[in-house]
Structure formats: structure tokens, C-alpha cells
Amino acid sequence: MSNRRGPDFETRMAEDEEIPPSPQFVEQATVTDDSVSDEFEENWPDCWARAAATLDWFDPYESVLPDDEPPFEWFAGGTLNACYNCVDRHVEAGAENRVAIKWESHLGETRTYTYQDLYREVNEFAAALRAQGVEADDVVTLYMPMIPELPIAMLACARIGAPHNVVFAGLSADALATRLESADSVFLVTCDGYYRRGSAIFLKSKADDARLKAAHDLEEMVVVEHLGETEHLGAGQHTYEELVAAHAGAEVAPVERAADDVLFLIHTSGTTGEPKRVEHVTGGYLAHVAWTSQTVLDLDPEDTYLCTANIGWISGHSYVVYGPLALGATAVMYEGTPNYPERDRIWDLIEENAVDVFYTAPTAIRSFMKWDTSLPASRDLSSLRLLGTVGEPIDPRAWHWYYEHIGNGNCPIVDTWWQTETGGMMITTLPGVEKMKPGSAGPPLPGVGARVVDGRGEEVPVNEAGYLVLTRPWPGMPLALRHGHRWGEEAAKLDVDGWHYFTGDGAKVDDDGYITVLGRVDDVINVSGHRLGTMEIESAIVGVEGVVEAAVVSVDDAEAGGIHAYVTLETGVSGDDDLRERIAAHVRERIGPIATPDAVVFTPDLPKTRSGKIMRRFLENITNGEEFGDTSALQNPEIVGELESIVRDG
Ligand code: 6R9
């Protein structure tokens with residue numbers, strides 16, 4: 001397998017420390033009975049009824065999973081509405097005054113929505129969307145920053161059965177246009193702009209650009225006046241405020257959706273140049289995220305919970321919005337970044353709101369470590385009961401820092417492995433039952449089948465690296481996998497018997513069945529927790545005049561992170577700083593700032609196999625100053641040494 005792996009690979013391979021959850025935690029944990037795994041094993045797939053039981057169904061399902069062959073129709077025959085489950089039922093149960101969303105702006109201004117407030121505004125906006133012509137199954141694209149109107153719009157869509165298609169606000173106009181086309185979406189909700197580190201970013205103008213670039217025109221655009229600077233509104237464009245006011249007090253009955261009706265679309269990076277469209281369905285997805293919020297995040301309705309993920313990505317969909325709200329908990333949401341206005345922003349939010357459960361990413365933890373340990377120490381973080389991480393492997397050093405400096409040595413950490421494609425958590429400890437091993441995510445959740453195999457599909461020996469495959473269907477699986485698609489290019493590489501999904505990750509298993517995820521082994525790279533496709537970035541780079549070929553690799557330095565691009569040029573074109581800047585600008589325009597290369601290396605050639613495939617592995621070795629292996633399979637082995645000296649000598 002490729003050695004796309006973190007700098008701490010060796011440490012993680014050697015780690016064998018075990019830490020039990022504290023007795024105080026176990027005493028109150030939602031799941032404390034270790035028979036739950038056996039019960040799921042003996043009673044599979046019916047065990048997943050426990051996840052479905054976290055929801056209210058209009059029509060009960062007839063079968064948990066009618067067949068063990070595709071199509072996998074989880075909770076077949078059941079009908080429900082995700083918005084009803086996240087909002088109405090809590091109001092009906094008398095929790096109308098409980099806070100659903102507590103939002104803080106980049107300047108510290110707060111807005112609080114009780115479940116009753118959420119009910120009112122979601123209904124009003126649902127009525128407004130209907131009046132704009134949105135019907136069930138019409139896709140509504142949401143290009144919005146971290147403002148309360150984003151979850152409100154998601155829930156309003158869910159209420160009327162219109163799948164949403166959230167596009168991360170940091171992506172460019174081109175990226176939005178591609179995603180509008182991919183989703184065949186003619187409705188867009190956006191906002192005039194937002195602040196990031198004190199400066200305003202004008203989103204509406206990016207949305208207008210995307211509108212011109214997309215192959216089809218938009219029918220309606222709704223603009224939230226967040227900066228209060230909405231200039232010109234064209235035909236078919238309305239402000240959110242005006243629409244909601246026009247439907248003040250409106251109520252819209254939640255539309256009954258079949259368990260496998262689509263709840264939302266989301267695009268992620270795959271192994272091709274195009275974004276990968278993933279569709280999640282109402283019943284299985286919601287059951288999966290509600291159940292894992294309850295059992296893994298240990299959330300109770302009384303809890304206040306902070307997840308730092310942006311709603312533009314899957315973590316925000318599942319564990320800022322749907323999971324916590326389905327359980328009726330209080331979600332804290334903030335605009336901006338953890339270091340603006342100050343580097344103690346997160347600790348401030350935790351103290352102010354007496355946050356019980358905190359879920360973040362290793363990249364954020366590494367920044368917190370770098371910033372200053374005295375910052376969290378100066379705050380009262382004693383409300384915290386459980387910590388979680390997601391997005392990339394966490395090295396034991398960062399794990400220990402998190403455990404000691406944030407959790408005060410008594411909050412369990414759940415290191416949750418999952419993906420856009422899985423919808424919800426798949427591999428993690430159950431915090432009240434299982435010991436933690438820093439650096440290792442843990443065993444597969446009860447009911448989840450995961451194996452680490454070699455290229456022939458054989459299970460690899462304990463503690464040896466192999467490919468991580470999921471071997472059983474799960475409720476949160478997306479539409480394509482339900483219907484038996486193999487997500488071709490990935491599945492085709494492995495020869496595994498029976499139904500399986502290849503995750504694109506490398507991993508190893510220890511003798512307790514704990515899985516340590518080692519990182520991506522396909523053409524997807526993980527840069528500071530952002531998932532990016534090498535092909536996507538390379539296609540953008542070759543779009544620059546004078547460029548012939550490009551290959552990008554990720555930098556292993558966990559703190560610096562980043563992307564290096566190796567680029568060949570047309571004869572006569574000079575590789576200078578001006579061209580470097582044009583390349584960077586073009587990537588920003590095509591994808592967004594997160595994909596911009598940190599270094600561009602001009603080279604006469606790229607290392608290639610005899611069949612002409614670029615061997616990024618050698619470029620990774622060069623970038624990261626590692627030994628490179630056997631180059632004899634290359635058609636141009638001499639280029640590896642040449643490139644090494646180009647990089648070394650700057
Ligand atoms: C939820 C999310 C998925 C990829 C995944 C893997 C990496 C996520 C991880 C982890 C090690 C963990 N990843 N959680 N690696 N330990 N706890 O991040 O979705 O953006 O689709 O990324 O992230 O490489 O394949 P997504």
C-alpha cells in the first residue's frame with residue numbers, strides 16, 4: 001500500500017497504552033452494559049431496531065432490513081419526517097422552552113432559539129420555500145456560512161421533503177456552479193456575506209457568479225441579510241427576512257417521507273476530478289446519527305453540546321444539526337474561527353455555556369496545543385463530561401494533551417472514524433463500556449462489520465497494515481451503496497468476497513480488535529482535516545496557461561499540513577513566482593482557498609510508470625524527506641533523484 005500516512009506513523013504503530021473511562025463517567029453513561037455488542041452480533045440486523053427506536057415514525061416499518069442483498073431497504077415500509085423528529089416532537093413533548101440552538105457571532109453577539117422558536121421559523125421558511133415553487137424532491141442548494149438560518153433552511157427543506165444540497169461557503173463560485181449542476185438544483189439559498197477573522201466575505205456576489213457559470217439557470221435565489229449589505233436583488237431574488245415576514249405564523253404539515261426517500265445530497269472529494277455526489281436517506285441516516293449521538297457522544301436532551309465542525313461538511317450535518325436536534329439537546333454554534341477575536345474563543349464558549357460534550361478535529365487540537373496551554377487552564381471547563389474527535393488520525397501526543405488539558409483527565413475521548421459516505425460514526429469506542437487506546441479509533445460499533453484486508457481480500461495478520469473495508473450494510477449507508485453500486489474505481493481495486501465497501505483508508509487491527517486508521521490510500525488527501533481529491537486540484541492546475549501536467553501531494557508535517565504541487569511546463573514557459581501565483585489563484589477560483597498549494601515545484605518531468613501513470617508516492621517521499629523505494633518500475637527513474645535535488649536546493 002502507499003505510504004500516505006502521518007508523521008507519527010511509527011509511534012502510532014507502536015502504541016499499546018490502555019485507559020479505562022472514569023467511574024464518574026460510567027456511572028451516568030447512556031450505555032454501560034458491555035453485552036450490547038453480543039446482542040447486536042446475535043440479533044443482526046434486527047438489533048438496529050434500537051437505532052430506529054430513537055425516532056418517531058408516522059407509519060411503522062415492516063422490517064429492519066428485508067434482504068441481505070442489495071437493494072438494502074433499511075426500515076422498509078416506515079415513513080417519517082426528519083424535521084418533525086428534530087423539532088415538532090420536542091415541542092409536543094413539552095420541551096418547547098428548551099434551547100435548541102445557541103449561536104454566537106464572530107463578534108460575540110448571541111442568538112438563542114428555543115425549540116418553539118425553531119418550530120416557528122422553520123415553518124415560516126418552509127411555507128416561503130413552498131410559495132417559491134419548491135416541491136417535494138426538488139433539490140434546494142444552501143450556500144451559507146455558520147449562521148442559524150443554515151440549520152433552519154435545512155430543517156425547512158426536510159419538512160417539505162425537498163432534499164438539501166449544502167455547499168461549504170469557503171468553496172468558490174466555480175465549485176458552487178458544479179454542485180448546482182451535479183444536483184440538478186434550480187433553487188439556491190445564500191447570504192449577502194459573513195465575517196472571517198474580522199473581514200467581510202461577500203457570498204452573494206460569488207453566488208451570482210456561479211449563477212452565470214452553471215449550465216442551467218436558477219429559478220429562485222433567497223438571500224439572508226446577514227451583513228445588511230444586500231445590494232441589488234435581480235429577478236427571482238428575495239431576501240430571507242422578507243419571505244419569512246410574509247409567512248409569519250404560517251404552519252406547514254411535515255411531509256411524510258418513506259424511509260429511503262432522500263433527505264439530502266452532499267458533495268465530497270473522490271478519486272476523479274469531479275466532486276463525488278453522496279445521497280443520504282431519511283430513515284436509516286437519521287436513525288444512525290441519532291443513535292450514535294446518544295450512545296457514542298452520550299448526549300441527553302438536557303445536554304449542551306459544542307461541535308466545531310462546519311455545517312458545510314458531513315460532520316456538521318450529522319453532529320451539529322441532525323443528531324443532537326433529533327435527541328432534543330442544545331447545540332452551540334459559532335460563526336468564524338477558533339482564534340478570532342482571541343485564541344481562547346472555544347474555551348470561552350465552553351465556560352459561558354457550560355458545555356457538557358465537545359466534539360472537534362485533530363487539526364484543531366494541534367492548533368490549541370501550539371497556541372498556549374495556559375488559555376484553557378484559565379477557564380472553567382469543569383462542565384465537560386465527554387470529548388470527541390473526528391476527521392483524521394489523532395496522534396497519541398495530541399490525544400494526551402486533549403485528555404489532560406481539556407478533559408482534566410476524567411472525560412473519556414471518543415475517536416470516531418467515519419466518512420461522508422457512511423453518514424454517521426462507524427468505528428469508535430462506546431465511552432461507558434470500552435477502554436481507550438490513544439491513537440486507535442477502537443472497535444467497530446456494535447452491528448458494524450469492518451475488516452482490514454490485503455489486495456487479495458485476505459484478512460491481514462494482527463498489527464499489519466492493510467485496506468479498511470466495511471463488510472456489512474449499515475442504516476446510514478448512502479443511496480448508491482444501497483442500490484448495489486460499487487463506487488467503481490475504489491471497489492474494483494480489491495478482490496473481497498461478498499458485499500463490501502472499500503473506504504479508501506489504510507488501517508491495522510490489534511489483538512483486541514481495535515482499529516488504528518493510518519490514512520488514505522487512494523487519490524484523496526486529507527489536509528488539515530479537509531478532504532480533497534488530488535485529481536480535482538490537478539485538473540485546476542493544468543487549466544493554467546503554460547502548464548502541461550501536475551501532481552499534488554500532501555505534506556506530512558501535522559502542524560504545517562499543506563499541499564505541494566509538482567508541475568511541468570510547455571517549452572519556453574518560465575517557471576517563476578508570477579506563474580506560481582497564477583497557479584495558486586486559479587486553484588482558489590476553481591475550488592477555494594482550502595485547496596491552494598503551499599509550494600509549487602517546477603520540474604522537467606514527473607515520475608511515471610511504463611503505462612504512463614504518475615507515481616505520486618515518489619513525490620510524497622521527496623516532499624517529506626523520506627527514503628524512496630524501488631524506482632525500477634518507472635519509465636524515467638532518473639527524475640526522482642533530479643527532483644530530490646531541486647526540492648532540497650530550493
Ligand atoms: C467524518 C469525515 C473521511 C476520511 C476518512 C479518514 C479520515 C475521519 C477519522 C479519520 C482517522 C478518525 N478520518 N475520521 N481518520 N481517524 N477518527 O471526516 O468525513 O470528510 O468524508 O473524511 O477522514 O481518512 O476516510 P470525510
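Numbers for residues simply follow the sequence, beginning at 1. Counting starts at 1 for both ligands and their atoms, following the listed order. Bear in mind the structure is a predicted one, so any value in this text is a computation, not a measurement.
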Pair up each side-chain donor or acceptor in residues 406-414 with any protein partner under 3.5 Å, not counting sequence neighbours, and list the distances.
none

Quiz prompt | R385 with D298: basic N within carboxylate O range, under 4.0 Å | solution = yes
Practice problem: Look at E392 together with R520 and state whether they make a salt bridge at an N to O cut-off of under 4.0 Å. | Solution: no
Exercise. Measure the CH2-CH2 distance between W74 and W474 for me, rounded to the nearest 0.5 Å.
Key: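 Rounded to the nearest 0.5 Å, the CH2-CH2 separation comes to 10.0 Å.
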Self-check item: Neighbour list for ligand 1 [protein residues, heavy atom under 4.0 Å]
Solution: I314, S315, V390, G391, E392, P393, D415, T416, W417, W418, Q419, T420, D505, V517, R520, N526, R531
Self-check item: salt bridge (Lys or Arg N to Asp or Glu O under 4.0 Å) contacts in which one or both residues fall within residues 281-292, not counting sequence neighbours
Solution: none
Self-check item: Contacts of type ring pair (Phe, Tyr, Trp, His ring centres under 6.0 Å), residue Y403, not counting sequence neighbours
Solution: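 Listed in chain order: W399.
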